[in-house]
Amino acid sequence: MTVLVRTNSPEETTDVGARVGRHLTAGDLLCLTGDLGSGKTVFARGVCRALGCRERVKSPSFVLVREYHGDVPVFHIDLYRLGSPDEWSTLGIDDRLEEAVALIEWGELMGSRLPDETIRVEIISCEGRDGRDISITWSDPRMTAIRSSLDIRTPHGKNGR
Ligand SMILES: Nc1ncnc2c1ncn2[C@@H]1O[C@H](COP(=O)(O)OP(=O)(O)OP(=O)(O)O)[C@@H](O)[C@H]1O
Ligand SMILES: [Mg+2]
C-alpha cells in the first residue's frame, strides 16, 4: 500500500515522520529516498521523536551511522558516502538490527539487498521552496493505521491514493 502526503514546511515533514514512527517496532527497516536537501533527515527526526529518542538528530552523512536511545535503539544511517553495498557490513550493526529500528538515508543504494518488508519513503520537492510530496510504501498491515493517522492530519485530500 502506498500513501501520498504533501507537506509545506520542515515541521510538517517531521510530523509525518512522527506519525509513521509511532507504529514502528524493533526489527523495522525504513529506507529514505530523495535528493540532497529533500528532507530525509527532517523526516527521520520525527520518527526518532515518536520512538522516544531525546538526543538531537543530526545528519549521519559523515559518520555513516548514529545510534539514538529511545523505547528501542534507533540506527540512523546515511549511505551516500558508502563506497559500495558490499561495505554495509563495515557499519557493524548487522547483529543488532533485530532489536532496533533502522532509518536508512539513500537506502536505495543497497538495491535488492534491502528486505522485501522494508518501509519505503520517497521525498520529492514540489511547489516552490518548501513543498514536498512524500510517498510511503509498506506491505505491512500496520500501514492501514498509518494511513488513517495521516488522513486525519491533512484535510485537503492530498494523501491516501
Ligand atoms: N516541507 C519540507 N520538508 C522537509 N524539509 C524542508 C521542507 N521545506 C523546506 N525544507 C528544508 O529542506 C532541508 C532538508 O534537509 P535535510 O537535511 O533533511 O535533507 P536530506 O534529504 O537529509 O539531505 P541529504 O541527502 O544531504 O542528507 C532543510 O533545510 C529544511 O529546513
Ligand atoms: Mg540527510
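As a basis for the values below, the full set of heavy atoms in this structure was taken, side chains included, without hydrogen atoms, waters or symmetry mates. Numbering of ligands and ligand atoms starts at 1, following listing order.
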Geometric N/O contact E105 with ligand 1, under 3.5 angstrom: yes
Contact bool for atom 3 (N) of ligand 1 (protein heavy atom, d < 4.0 Å): yes
Closest protein heavy atom (residue, atom, distance) for atom 26 (O) of ligand 1: L36 CD2, 3.4 Å
Total protein N/O/S atoms whose distance from the Mg ion (ligand 2) is less than 2.8 Å: 2
Minimal non-hydrogen separation, A102 against I77, with atom names: CB-CD1, 4.3 Å
Top protein contact for atom 9 (C) of ligand 1, by heavy-atom distance: D130 OD1, 3.3 Å
Distance from atom 17 (O) of ligand 1 to nearest protein heavy atom, with residue and atom: T41 CB, 3.7 Å
Numbered atoms and elements of ligand 1 in range of W106, under 4.0 angstrom, heavy atoms: 25 (O)
R81 charged N/C atom sitting above F62 aromatic ring, 6.0 Å / 45°: yes
Shortest reach to atom 13 (C) of ligand 1 by a heavy atom, considering only G34, G37, G39: G37
Side chain to side chain donor-acceptor pair (under 3.5 Å) partners for R56, two or more places apart: none
For ligand 1, the portion of V42 having any non-hydrogen atom under 4.0 Å away: both
Criterion salt bridge (Lys or Arg N to Asp or Glu O under 4.0 Å) on R132 and E127, from CA distance to verdict: CA-CA 8 Å; R132 301 289 189 274; E127 279 192 2; over 6 Å; no
Nearest non-hydrogen protein atom, atom 21 (O) of ligand 1: K40 NZ, 2.7 Å
Donor-acceptor pair between T7 and T13 side chains, under 3.5 angstrom: yes
Heteroatom distance test (S59, ligand 1): nitrogen or oxygen, under 3.5 angstrom: no
Identity and separation of the nearest protein heavy atom to atom 11 (C) of ligand 1: R132 NH2, 3.8 Å
Heavy-atom side-chain contact between V121 and T33 under 4.5 Å: no
Side chains of E105 and H76, donor plus acceptor under 3.5 Å: yes
Subset of ligand 1 atoms that lie under 4.0 Å from at least one heavy atom of D35: 21 (O)
Donor-acceptor pair between D78 and S61 side chains, under 3.5 angstrom: yes
Joint cluster assignment, V65 & L82, ILVMFWY side-chain distance < 4.5 Å: yes
Side chain to side chain contact (heavy atoms under 4.5 Å, CB included) against D86, all qualifying residues, sequence neighbours excluded: S84, R113
Smallest separation among heavy atoms of V20 and F43, with atom names: CG2-CZ, 4.1 Å
Within 6.0 angstrom of E99 CD, more than 12 heavy atoms from elsewhere: yes
Under-4.0 Å salt bridge between R142 and D28: yes
Which segment of Y80 sits under 4.0 Å of ligand 1 when only heavy atoms are counted: neither
S9 and ligand 1 - part of the residue with a heavy-atom distance under 4.0 Å: backbone
Atoms of ligand 1 close to D78 [distance to a heavy atom under 4.0 angstrom, numbered from 1]: 27 (O)
Nearest-neighbour protein heavy atom for atom 30 (C) of ligand 1, which is reported as residue plus atom name and distance: P10 CG, 3.8 Å
Results of side chain to side chain contact (heavy atoms under 4.5 Å, CB included) for E117 - residues two or more places apart only: P115
